[in-house]
Amino acid sequence: MKRYGVVGTGWIAEAYIQGAALTGEWELAAVCSRSGERGRVLADRYGAGRVYTSPADMAADPSVDAVYIASPNALHTSQSRLFLEAGKHVLCEKPLAVTAAELRGLTALSEQKGLVYMEAIMMLHLPARRILHRAAAALGRIRSARLDFSQLSSKYPLYLRGERPNIFNPSLATGCLMDLGLYCVYAALDLFGRPEKITASAGFLPPVPPEEGAVLSDGWGTALFHYPDKLVTLTYSKVGQGFAGSEICGDEGTLVIDSISKLTGIRRVTPGGTVEELVGDVSKPELMSGEARDLSRWIDDPAGTREARALASRLALQTCESLEEIRRRTGIVFPTSPIGGPR
């Protein structure tokens with residue numbers, strides 16, 4: 001049984017803890033939170049023996065084999081480096097890093113130390129991914145696809161009341177693109193490869209409170225991935241709820257995908273309208289158990305999982321590079337990582 005620690009106490013951390021428990025391969029050893037009280041509540045709920053308020057203290061704990069990082073985006077790089085340098089395997093929430101340069105450096109560090117460093121992106125670790133790839137290959141000639149993740153944020157009412165939730169705070173390297181849009185980018189690259197060209201547009205939220213010259217947060221956006229034989233449209237929003245899902249259209253059928261992040265609600269529709277259900281709904285812990293299971297497998301069998309690890313690393317880097325390109329084209333800027341053009 002491997003022992004792991006969690007950095008962060010939000011709902012995503014709790015969902016991962018539940019998913020890891022389903023594998024039977026992981027024991028929660030420690031929780032790290034800026035608030036010792038919140039950390040203790042989560043630790044007591046799931047039987048962790050230790051609570052830390054400093055990531056450095058958790059990194060020094062010899063009983064922790066690996067860590068799951070679920071802190072704000074802007075902290076992912078520094079915290080991943082801290083734990084890798086301490087000899088811990090790292091599973092970090094998306095985005096793995098804000099810039100491709102950061103990601104290349106951390107990947108090199110993990111390889112030098114013989115550690116697993118992977119992005120917590122559910123779709124790569126689900127059986128549904130193989131089903132999706134097989135179904136897409138049977139669609140004939142694919143000329144267009146529309147990948148959408150539009151989900152009204154539970155934090156949006158706070159913004160409307162004049163507050164600044166973390167997800168709408170550019171200083172934390174957040175916003176719609178880096179949260180929901182990332183899933184669409186991942187799916188496009190995984191299904192169709194790197195595009196020849198990317199064009200993009202973004203919608204920005206006024207600063208709260210009003211401030212002249214403030215860095216704005218993106219609330220919605222779109223990107224077009226241009227391929228020699230197809231056009232893939234990505235749409236994403238945190239200020240409106242979408243219900244149409246995503247579609248991949250071929251001349252021999254269409255795939256409809258209710259959730260591009262979870263790869264659930266997948267069905268094939270023939271040109272004549274016959275519907276074949278391929279994937280139904282899956283619980284959040286079960287979805288996240290795939291990441292925990294693969295992390296364990298990659299640690300135990302580095303030689304046998306080399307191909308899977310190389311694919312994950314390549315997609316993570318391509319996604320990071322594509323997100324940088326979209327930010328350049330749309331003017332999305334983070335104060336800690338100023339990539340972008342004038343708006």
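Small disclaimer: the values here were computed from a predicted structure and weren't measured.
Between Tyr183 and Met123 the shortest side-chain heavy-atom distance falls below 4.5 Å. Side-chain contact between Tyr236 and Leu234 is present, with heavy atoms from C-beta onward closer than 4.5 Å. With a 4.5 Å cut-off on side-chain heavy atoms, Val239 and Leu205 count as touching. Looking at Arg45 and Ile17, their side chains never come closer than 4.5 Å, going by heavy atoms from C-beta outward. Using a 4.5 Å cut-off on side-chain heavy atoms (C-beta onward), Glu291 and Leu91 make contact. For the pair Met58 and Pro55, the minimum side-chain heavy-atom distance is 4.5 Å or more. Looking at heavy atoms from C-beta onward, Leu263 lies out of side-chain contact with Ile131 at the 4.5 angstrom threshold. In this structure the side chain of Glu102 never reaches within 4.5 angstrom of the side chain of Ser80, judged on heavy atoms.
Shown here is Lys155, whose NZ atom has no more than 12 heavy atoms of other residues, nucleotides or ligands within 6.0 Å. Heavy-atom neighbours of Arg143 CZ from other residues, nucleotides or ligands within 6.0 Å: above the threshold of 12. More than 12 heavy-atom neighbours from other residues, nucleotides or ligands sit within 6.0 angstrom of CD on Gln241. Other residues, nucleotides and ligands contribute only 12 or fewer heavy atoms inside 6.0 Å of the CD atom of Glu307.
Across Pro165 and Leu158, no two heavy atoms sit closer than the pair CG-CB, 3.7 Å. The nearest pair of heavy atoms linking Leu287 to Lys262 is CD1-CD, 3.3 Å. Cys320 and Ala100 make their closest contact through SG-N, 3.4 Å (heavy atoms, listed as atom of the first residue, atom of the second, distance). Looking at every heavy atom in both residues, Thr199 comes nearest to His226 through OG1-NE2, 3.0 Å.
Between the side chains of Thr99 and Glu324, not a single donor N or O lies within less than 3.5 Å of an accepting N or O.
The residues Arg3 and Glu27 are annotated as salt-bridged, a charged nitrogen and a carboxylate oxygen being separated by less than 4.0 angstrom. We find that Arg268 and Glu276 are not joined by a salt bridge, their nearest charged nitrogen and carboxylate oxygen being 4.0 Å or further apart. For the pair Arg297 and Asp294, the salt-bridge criterion is met [side-chain N within less than 4.0 Å of a carboxylate O]. For the pair Arg141 and Asp229, the salt-bridge criterion is not met [side-chain N within less than 4.0 Å of a carboxylate O].
Taking the six-membered ring where tryptophan is involved, the planes of Tyr16 and Tyr68 are essentially parallel, since the angle between them stays under 30° and well short of 60°. Classification of the Tyr227-Phe225 ring pair by plane angle, with boundaries at 30° and 60°, yields tilted.
Remark: side-chain polar atoms of Arg329 are paired, donor with acceptor, to backbone N or O of Ile198 under 3.5 angstrom. Checking side-chain atoms of Lys2 against main-chain N and O of Glu25 turns up no donor-acceptor pair under 3.5 Å. In this structure, the side chain of His76 does not engage the main chain of Cys92 through any donor-acceptor pair within 3.5 Å.
The cluster map of Ile, Leu, Val, Met, Phe, Trp and Tyr, joined by side-chain heavy atoms under 4.5 Å apart, puts Ile299 and Phe83 in different clusters. Cluster annotation: Val98 is not connected to Leu103 through the hydrophobic network of ILVMFWY side chains, with a link wherever side-chain heavy atoms come within less than 4.5 Å. A continuous path of Ile, Leu, Val, Met, Phe, Trp and Tyr side chains, each step under 4.5 Å between heavy atoms, connects Leu96 with Leu109, placing both in one hydrophobic cluster. Tracing side-chain contacts under 4.5 Å through hydrophobic residues (I, L, V, M, F, W, Y), one never reaches Leu82 starting from Met118; they form parts of separate clusters.
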For Asp218 and Lys238, run salt bridge (charged side-chain N to carboxylate O under 4.0 Å, His left out): C-alpha distance rounded to whole Å, both residues' side-chain angles, the deciding distance at 0.1 Å, then the answer. CA-CA 9 Å; Asp218 65 306; Lys238 291 189 71 67; over 6 Å; no

